[in-house]
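For reference, the structure discussed in these notes is given below.
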Amino acid sequence: MKKVVLLTTGGTIASKRNSSGKLASGVMTGEELAAFCGLPNNINVIIDSIFQIPSKHMTFERLLALESRINTYFEQGDVDGIVVTHGTDSLEETAYFLDLTVPSDKTIVVTGSQHAVEEAGSDAFVNLRDAVFAACDESLRGAGTVVVFNERIYPAKYVKKEHASNVQGFHAFGYGHLGIIDNDEIYVYQKPCRREHYPLVSIPPRVDIIKSYLGADGVFVRAACEAGAKGIILEGAGRGQVAPKMVEAIADAARQGVAVVTQRARRKGRSTRLMIIAAVRMISCSAA
Ligand code: ASP
């Protein structure tokens, strides 16, 4: 029998109504979530409730703890795959972080839901079930970390949350999905041909994201430097152009040794938060 570890971290998929009738994100344990949704009975699913948080409470410290727990499970040898349930608001960051840092060839599936298990027609049930099947399917081996949402499998590197409430909440613009899950069967149509891996050495240093906009000046760049940023992601326009009044502060930052990465408009949105992770990896690797 295949063995999958279900690591739960909170989010809407683990939300419950509080005493005032409002949904509180991330309060369910993994055991409660599994009991609500039911799990496939032909797969041995080990439940490990690691966090119970809304995903905006995710930090690099917690990501490191998650990564280390995943590596420990994979080192056991008999684990076929891992499912991480997560709030959707920062799901793509966690997925990409795991893709960059976990060396295993086995699949990590990150999933969540737009609706709580208590809501009619919740997507929690199908997303969780599909994720468990995808995590241990041989055809996904070597694809790195993937996101399973609304019966589709997305590469962690390109996936982005594109809708705040619709069950089709994720998309990988320009790349598409790797495959689908239909009736507990996994169909893979494409796979990444190259993976990046950065062994993690420590909590990454501070990196800030600063947007360029009409009339922007260097105020935020200088503030980031004063706050001790080791890197700045500049979200520019077009191919990364920034407003002219920002330039002097950017040049000063670079002279002080702050790594400045300009981001093309083409990659805006999807990659804003992801670029933080890529940049901090570059910085911590070059500092190591
Ligand atoms: N606020 C929730 C979160 O923890 C949203 C969700 O899970 O869909 O990200």
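Start at 1 with the first residue, then count along the sequence. In listed order, ligands and their atoms are each counted from 1.
- One finds a salt bridge joining Arg129 and Asp184 here, because a Lys/Arg side-chain nitrogen approaches an Asp/Glu carboxylate oxygen to under 4.0 Å.
- Under the 4.0 Å criterion applied to side-chain N and carboxylate O atoms, Asp80 and Lys3 are not assigned as salt-bridge partners.
- Salt bridge annotation for Glu138-Lys2: present, with a cationic side-chain nitrogen under 4.0 angstrom from a carboxylate oxygen.
- Counting atoms of ligand 1 from 1 in the listed order, those under 4.0 Å from a heavy atom of Ser113 are 8 (O).
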Please determine whether side-chain hydrogen bond (donor to acceptor under 3.5 Å, both in side chains) holds for the pair Gln114 and Asp123, giving the CA-CA distance in whole Å, both sets of side-chain angles, and the decisive distance to 0.1 Å. CA-CA 7 Å; Gln114 296 280 44; Asp123 52 335; over 6 Å; no
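- Heavy-atom proximity to Pro54, at under 4.0 Å, picks out these atoms of ligand 1: 4 (O).
- Between Lys56 and ligand 1, not a single N/O pair is under 3.5 Å apart.
- Ranking protein heavy atoms by distance to atom 1 (N) of ligand 1, first place goes to Asp89 OD2, 3.1 Å.
- Residue Thr88 places at least one N or O, backbone or side chain, under 3.5 Å from an N or O of ligand 1.
- The shortest distance between side-chain heavy atoms of Leu63 and Met58 falls below 4.5 Å.
- The pair Lys157-Asp99 fails the salt-bridge criterion, with no side-chain N (NZ, NE, NH1 or NH2) lying under 4.0 Å from an Asp/Glu carboxylate O.
- For a threshold of 3.5 Å applied to N or O pairs, the pair formed by Ser25 and ligand 1 contains at least one separation below that value.
- Salt bridge absent: Glu92 and Lys160 never bring a charged side-chain N and a carboxylate O closer than 4.0 Å.
- Close approach to Gly11 involves these atoms of ligand 1, each under 4.0 Å from a residue heavy atom: 4 (O), 7 (O).
- Atom 6 (C) of ligand 1 has as its closest protein heavy atom Thr12 OG1, 2.8 Å.
- Within the set Ser90, Ser15, Ser55, Gly26, the minimum heavy-atom distance to atom 4 (O) of ligand 1 is found for Ser55.
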